[in-house]
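One structure below.
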Amino acid sequence: MKIEFRLFDKTTSSFKIVYFQEWKIDKRQPLFTSNPKKAKEYWHDRLAEEDVNLLKRAESRTAVTLSIKLVT
């Protein structure tokens, strides 16, 4: 399972799909990738849900989050 984000990028006025890769600096800054092979793999729903809940609180000045979901 991977965490997929669908975003609207305000800088380019385009829609993008990115995947959660890892946390940087003590779980304060998420790192994303457009390559699904580099995305973090989750083996248990509970661990993925913890990160999803933290990521829902993340805000960006350059993008609007449209959806966050777990994908296989």
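Source: prediction; values computed, not measured.
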Test side-chain contact (heavy atoms from CB on, under 4.5 Å) applied to F20 and T33, step by step: CA-CA 6 Å; F20 174 69; T33 181; over 6 Å; no
Do you reckon I17 sits in the same ILVMFWY cluster as Y42, going by side-chain contacts under 4.5 Å, direct or chained? no
With a 4.5 Å cut-off on side-chain heavy-atom distances among I, L, V, M, F, W and Y, is there a chain of contacts connecting I68 to L54? yes
Would you say that [X] contacts [Y] through its side chain, given a criterion of any heavy-atom pair below 4.5 Å between the two side chains?
| X | Y | result |
| --- | --- | --- |
| Y19 | S34 | no |
| F8 | S13 | yes |
| L66 | L7 | no |

Would V52 and K69 count as a side-chain contact (heavy atoms from CB on, under 4.5 Å) if you check the C-alpha gap in whole Å, the side-chain angles of each, and the deciding distance to 0.1 Å? CA-CA 8 Å; V52 167; K69 65 181 180 178; over 6 Å; no
[atom1] of [X] to [atom2] of [Y]: how many Å apart, nearest 0.5 Å?
| X | Y | atom1 | atom2 | result |
| --- | --- | --- | --- | --- |
| I3 | E49 | CD1 | CD | 8.0 Å |
| Q21 | L31 | CD | CG | 4.5 Å |
| K40 | F32 | NZ | CZ | 12.5 Å |
| N53 | R57 | CG | CZ | 7.0 Å |

If you look at every heavy atom in K16 and T12, which pair is closest and at what distance? CE-OG1, 4.1 Å
Check against side-chain hydrogen bond (donor to acceptor under 3.5 Å, both in side chains), T11 and D9: CA-CA 6 Å; T11 58; D9 187 346; 2.6 Å; yes
Hey, mind stepping through V71 and M1 against side-chain contact (heavy atoms from CB on, under 4.5 Å) and telling me if it holds? CA-CA 5 Å; V71 294; M1 260 184 286; over 6 Å; no
Do side-chain atoms of K10 reach the backbone of V64 as a donor and acceptor pair under 3.5 angstrom? no
Please answer whether the main-chain N or O of S67 pairs with a side-chain N or O of T65 as donor and acceptor at a distance below 3.5 Å. no
State whether E41 and K2 are salt-bridged, where the test is any N-O pair (Lys NZ or Arg NE/NH1/NH2 against Asp/Glu carboxylate O) under 4.0 Å. yes
